[in-house]
Asker: 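Got a structure here, written out as structure tokens. Questions coming.
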Protein chains: 2
Amino acid sequence: LIDTKDITKVYKMGEIEVQALRGITIQIGKGEYIAITGPSGSGKSTLMHIIGCLDTTTSGTYSFAGKSVHELSEDMLAEMRNKEIGFVFQFFNLLPRLKAYENVELPLLYGGKRANEAKTQALMALERVGLKGRANHRPTELSGGECQRVAIARAIVTNPSLILADEPTGNLDTQTSEEIMTFFDTLHKEGRTIIVVTHSQEVAEHTERNIKIRDGMVVDS
Amino acid sequence: LIDTKDITKVYKMGEIEVQALRGITIQIGKGEYIAITGPSGSGKSTLMHIIGCLDTTTSGTYSFAGKSVHELSEDMLAEMRNKEIGFVFQFFNLLPRLKAYENVELPLLYGGKRANEAKTQALMALERVGLKGRANHRPTELSGGECQRVAIARAIVTNPSLILADEPTGNLDTQTSEEIMTFFDTLHKEGRTIIVVTHSQEVAEHTERNIKIRDGMVVDS
Ligand SMILES: Nc1ncnc2c1ncn2[C@@H]1O[C@H](COP(=O)(O)OP(=O)(O)OP(=O)(O)O)[C@@H](O)[C@H]1O
Ligand SMILES: Nc1ncnc2c1ncn2[C@@H]1O[C@H](COP(=O)(O)OP(=O)(O)OP(=O)(O)O)[C@@H](O)[C@H]1O
Ligand SMILES: [Mg+2]
Ligand SMILES: [Mg+2]
């Protein structure tokens with residue numbers, strides 16, 4: 001499903017160059033359950049954005065479902081993201097003026113669902129992450145872990161075949177983390193491909209394979 | 001140092017009332033090293049904001065260093081916060097248009113330090129959290145864990161006697177978390193009072209006492 005070859009990502013800051021990724025070559029098959037781990041600043045979020053077709057590489061190639069991402073138009077990429085990929089951002093990227101369920105239903109509305117059906121599915125997704133009583137709260141009226149779970153609900157509401165979760169339990173207590181990972185296990189058993197960036201050993205243990213990143217490179221498998 | 005009695009915090013949302021804190025009575029002595037733990041949504045951040053004089057109670061009393069906080073003017077509260085309290089926010093509250101060292105030096109400039117001395121101390125604080133090479137990056141040019149460490153550097157740069165850290169390692173790998181907690185241990189040995197909200201058992205083990213919160217109340221101390 002995911003085939004990257006020698007991906008680099010360089011940020012230019014005036015005279016300085018920050019090499020966030022220094023040649024990443026990985027393959028991830030359909031239906032795999034993968035953890036990506038590594039120190040703070042090692043390039044995990046950068047890699048996730050490239051995999052999720054949200055950012056371009058500086059060099060190297062990336063094929064998603066057999067198509068070379070570099071050659072797709074922005075419209076095709078947006079459609080593919082909306083239909084195929086659910087992304088849980090490290091800092092959620094929720095819209096502050098929308099209530100929780102309105103944030104969650106957004107990808108459904110973009111994909112053409114009718115308003116009442118989108119709302120119903122958004123409320124169901126919130127219930128699955130334990131937030132039934134918080135559907136009408138805006139992000140500023142939610143705790144950190146509640147915001148995180150709204151972001152998770154939004155990522156899965158469209159039934160995506162690929163779920164990219166960047167530190168989905170960073171703000172959750174042990175019990176709630178376990179509930180979320182059990183939920184991800186279920187999504188995986190349904191046939192989805194799941195990639196989780198995590199700093200937690202307990203979370204990584206739910207996955208089948210661990211890709212370790214350090215200083216922008218993959219280390220020992 | 002910190003003496004709270006029957007603190008409640010109620011949020012009104014139209015007809016609904018959310019009882020975030022339902023009567024918190026705790027005492028924390030000068031120089032103590034405390035963890036506050038509890039499920040997502042249980043009221044930890046709300047309590048930390050009240051302790052840090054950033055928010056008011058709905059009812060109940062709070063004395064800080066013997067003074068009833070309710071009776072202090074906004075100016076006196078702001079001065080006390082600037083001189084005495086360092087706050088690491090759960091989502092950092094960094095200013096996006098300022099570079100990392102500019103964010104860190106802000107409390108020093110507010111407190112009246114000269115610009116070059118403030119910059120020197122800001123750079124030293126960044127070095128202590130392992131971010132020497134990132135002083136000129138803005139928050140959007142930093143990883144999640146790097147932003148978290150800038151927030152920590154800013155909280156300690158004024159040498160505060162009370163440090164309030166709301167989930168300071170939520171976005172850090174195990175190694176970097178250990179480095180940060182060792183740093184907090186050192187700050188504690190220097191005589192500071194440290195309160196850490198955390199979901200991590202490893203972090204809680206660095207502290208001397210654990211206050212457990214559930215549904216807005218303290219449970220089995
Ligand atoms: N826009 C940018 N400009 C310059 N440098 C950047 C930019 N974005 C990220 N970086 C740098 O690239 C490196 C990798 O960042 P990335 O966010 O991928 O790390 P990460 O592995 O997700 O870290 P964390 O675990 O802390 O979230 C970091 O050292 C960061 O400072
Ligand atoms: N402005 C607000 N209006 C309404 N409800 C609010 C508001 N702010 C917080 N809440 C609610 O108060 C409760 C406590 O929030 P708080 O942020 O203190 O939790 P927390 O213990 O820090 O959780 P987490 O571990 O997820 O960060 C939550 O259930 C939240 O939904
Ligand atoms: Mg990251
Ligand atoms: Mg919180």
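Numbered from 1 within each chain, the chains take letters A, B, ... in sequence-line order. Everything numeric here is computed off the predicted structure, so don't read it as measured data.
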Asker: Charged N to carboxylate O under 4.0 angstrom, B:R134 versus B:E146?
Answerer: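 Yes, this pair counts.
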Asker: With a 4.5 angstrom heavy-atom cut-off, which part of B:F91 approaches chain A: side chain, backbone, both or neither?
Answerer: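 The side chain, not the backbone.
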Asker: Checking heavy atoms, do the side chain of B:D166, its backbone, both or neither come under 4.5 Å from chain A?
Answerer: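 No part of B:D166 comes within 4.5 Å of chain A.
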Asker: Is it true that A:R149 and A:E179 make a salt bridge, defined as a side-chain N closer than 4.0 Å to a carboxylate O?
Answerer: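 A salt bridge is absent here (no side-chain N lies under 4.0 Å from a carboxylate O).
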Asker: Is it the side chain or the backbone of B:E141 that comes within 4.5 Å of chain A heavy atoms, both, or neither?
Answerer: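 Answer is side chain: those atoms of B:E141 sit under 4.5 Å from chain A.
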Asker: Which atoms of B:F89 are under 4.5 Å from chain A, going by heavy atoms: the side chain, the backbone, both sets, or neither?
Answerer: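 Contact with chain A involves no heavy atom of B:F89 at all.
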Asker: Which one of A:I16, A:T176, A:N171, A:T169 has the most heavy-atom pairs closer than 4.5 Å to chain B?
Answerer: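 Winner by heavy-atom pair count: A:N171.
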Asker: Counting only heavy atoms closer than 4.5 Å, note whether B:Q175 contacts chain A via side chain, backbone, both or neither.
Answerer: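 Neither part.
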Asker: Does the side chain of A:Q90 pick up a donor-acceptor pair with the side chain of A:S45 at under 3.5 Å?
Answerer: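 Checked: A:Q90/A:S45 side chains pair up, N/O donor to acceptor below 3.5 Å.
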Asker: Below 4.0 angstrom, N of the basic side chain to O of the carboxylate: do A:R81 and A:E74 qualify?
Answerer: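 Yes.
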Asker: Should the heavy atoms of other residues, nucleotides or ligands under 6.0 Å from CE of A:M13 be counted, would the total exceed 12?
Answerer: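 Yes, enclosed.
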Asker: B:S40 versus chain A, heavy atoms under 4.5 Å apart: side chain, backbone, both or neither?
Answerer: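 Both backbone and side chain.
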Asker: Could you tell me whether B:E17 and B:K12 have a side-chain N and a carboxylate O separated by less than 4.0 Å?
Answerer: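 A salt bridge is present here (some side-chain N lies under 4.0 Å from a carboxylate O).
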